[in-house]
Amino acid sequence: MRTTTRDIARLHAEGRRFTMVTAYDYTSARLAERAGIPLILVGDSLGMVMLGHDSTLPVTVDDIVHHARAAVRGCETPLVVGDLPFLTYATTADAIDAARRVMAEGGCGSVKIEGGRTVAGTVHTLVDAGVPVMGHLGFTPQSQHTIGLRVQGRDTGAARRLVEDALALQDAGAWSIVLELVPAPLAREVTARLDIPTIGIGAGPHTSGEVQVWHDVLGLFDAHVPRHTRRFATLGDQAVEALQALAAEVEAGAFPGPENSARMDEDALAAELAGLDTVVGHDGLGGTDGAGAQA
């Protein structure tokens, strides 16, 4: 049975922290489920880690739907959340259409929207229409050209506004809120003031749960490790080593070997092919030349 927002609310009520990871395809979702992860985010970060863009802005609803379908097929128990991409919820009509596609076509059980009071009305409309909405405050990647790539809410005025945004999202019906790149004391205060769970990334240890990007925690990138994450494995290095070993064995003739090959009765094969070269000519038409095929 698939995890629901009620299940996450129950964990929160019991004071149990939980984990969410991004997963963008069938295989990664299967692995996340095997690890017991209850929440999967098909985030617009796929634009960078899967599609090679330099930001999340080029990601489309089609991209989210495509990857969400694969992730949903890969797991049976996690709740799968899909991002609504840049400017797909600028109007209420746009938001309803995007949410419909992400849930009905992509199979997600919730959508995620960036922003605070400015999107609270949209959140309220979606929730009234039966769409579970996860909020997202602090550093919001879709607004990076406005707010910059930096920690948010460090000064007291900005911190107060973030708290007010979180309360507005809760009042609008959001069932949880991601807090990205905000000071740990601020994340603690937001979490204490809300009845719904917070999910941190670069927000310290006092949130209700934590979300991390698949490629970061598994070490699949060779770039720097952001401060807000940790490599729990170095699968990128292991993959390179494995591919180098493959190439070396292929070049040396050591792979594939008999154990990697299908067998057949070689005597029967030789008998079947005996004399084939004298029956089929060089041009493949029969006889020793093309004219022989007409005789």
Side-chain angles (χ1 to χ4, degrees), residues 2-6 8-9 20 22-26 28-29 39-75 78-147 165-166 168-178 180 196 199 211 213:
R2 198 171 291 278
T3 301
T4 67
T5 60
R6 287 179 178 271
I8 301 301
M20 178 166 70
T22 62
Y24 314 103
D25 58 27
Y26 176 85
S28 58
L39 276 168
I40 286 175
L41 173 64
V42 182
D44 55 10
S45 52
L46 69 85
M48 294 174 287
V49 299
M50 299 296 288
L51 304 180
H53 298 303
D54 60 2
S55 75
T56 64
L57 302 188
V59 175
T60 66
V61 174
D62 284 342
D63 292 330
I64 296 294
V65 167
H66 173 81
H67 287 271
R69 282 173 171 168
V72 169
R73 285 194 295 266
C75 62
L79 170 61
V80 180
V81 180
D83 261 333
L84 296 193
F86 179 61
L87 285 184
T88 62
Y89 48 96
T91 69
T92 301
D94 288 343
I96 291 173
D97 183 62
R100 178 193 62 78
R101 293 199 59 204
V102 168
M103 294 188 68
E105 298 177 29
C108 292
S110 174
V111 301
K112 180 167 74 65
I113 293 180
E114 296 182 4
R117 283 163 289 182
T118 57
V119 301
T122 299
V123 171
H124 186 273
T125 298
L126 290 176
V127 172
D128 275 356
V131 177
V133 177
M134 175 183 287
H136 186 155
L137 294 172
F139 173 69
T140 46
Q142 293 174 18
S143 303
Q144 69 177 59
H145 294 307
T146 302
I147 63 177
D165 282 338
L169 289 175
Q170 176 175 263
D171 290 344
W175 68 272
S176 63
I177 300 174
V178 170
E180 181 170 1
I196 60 175
I199 304 171
V211 58
V213 174

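Applying the 6.0 Å contact sphere to NE2 of His53 captures more than 12 heavy atoms from other residues, nucleotides or ligands.
Looking at heavy atoms from C-beta onward, Thr3 lies out of side-chain contact with Leu39 at the 4.5 angstrom threshold. For the pair Val80/Cys108, a side-chain contact is recorded, criterion being any heavy-atom separation below 4.5 Å from C-beta on. Using a 4.5 Å cut-off on side-chain heavy atoms (C-beta onward), Glu114 and Val119 make no contact. Contact of the Ser176 side chain with the Thr5 side chain is not registered, since no non-hydrogen atoms from C-beta on lie closer than 4.5 Å. You'll find the side chain of His136 stays beyond 4.5 Å of the side chain of Leu84, heavy atoms only.
Proximity of a side-chain donor or acceptor of Ser110 to a complementary backbone N or O of Pro132 within less than 3.5 Å is detected. With Asp94 contributing its side chain and Thr88 its backbone, the two residues share no donor-acceptor pair below 3.5 Å. A donor-acceptor pair is defined here as one N or O able to donate and one able to accept, closer than 3.5 Å; such a pair exists between the side chain of Asp83 and the backbone of Asp44. Gln170 contributes a side-chain N or O that, together with a main-chain N or O of Ile196, makes up a donor-acceptor pair within less than 3.5 Å. Although no hydrogens or angles enter the test, the distance criterion places no donor-acceptor pair under 3.5 Å between the side chain of Arg69 and the main chain of Gly106.
Scanning all heavy atoms of the two residues, the minimum distance from Ser45 to Thr22 falls at OG-CG2, 4.1 Å. Heavy-atom minimum distance, Met134 versus Val81: CE-CG2, 4.1 Å. For Ser28 against Ala23, the heavy-atom pair with the smallest separation is OG-CB, 3.5 Å. Among all heavy-atom pairs drawn from Ala29 and Ala71, the shortest one is CB-O, 3.2 Å.
To the nearest 0.5 angstrom, Cys75 atom SG is 4.0 Å from Ile40 atom CD1. A distance of 11.0 Å separates NE2 in His67 from CG in Asp62, rounded to the nearest 0.5 Å. The OH atom of Tyr89 sits 9.0 Å away from the OG1 atom of Thr122 when rounded to the nearest 0.5 Å. Here CG of Leu137 is found 11.0 Å from CD of Glu180. Values are rounded to the nearest 0.5 Å. Atom CD1 of Ile177 sits about 4.5 Å away from atom CG of Leu169, to the nearest 0.5 Å. Interatomic distance, CE of Met20 versus CD1 of Ile8, reported as 9.5 Å (0.5 Å rounding).
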Test side chain to side chain contact (heavy atoms under 4.5 Å, CB included) applied to Asp97 and Val61, step by step: CA-CA 10 Å; Asp97 183 62; Val61 174; over 6 Å; no

Worked check of side chain to side chain contact (heavy atoms under 4.5 Å, CB included) between Thr118 and Asp165: CA-CA 9 Å; Thr118 57; Asp165 282 338; over 6 Å; no

Chi angles and distances behind the side chain to side chain contact (heavy atoms under 4.5 Å, CB included) call for Arg2, Val72: CA-CA 10 Å; Arg2 198 171 291 278; Val72 169; 4.0 Å; yes

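A donor atom on one side chain and an acceptor atom on the other are found under 3.5 Å apart for Asp63 and Thr60.
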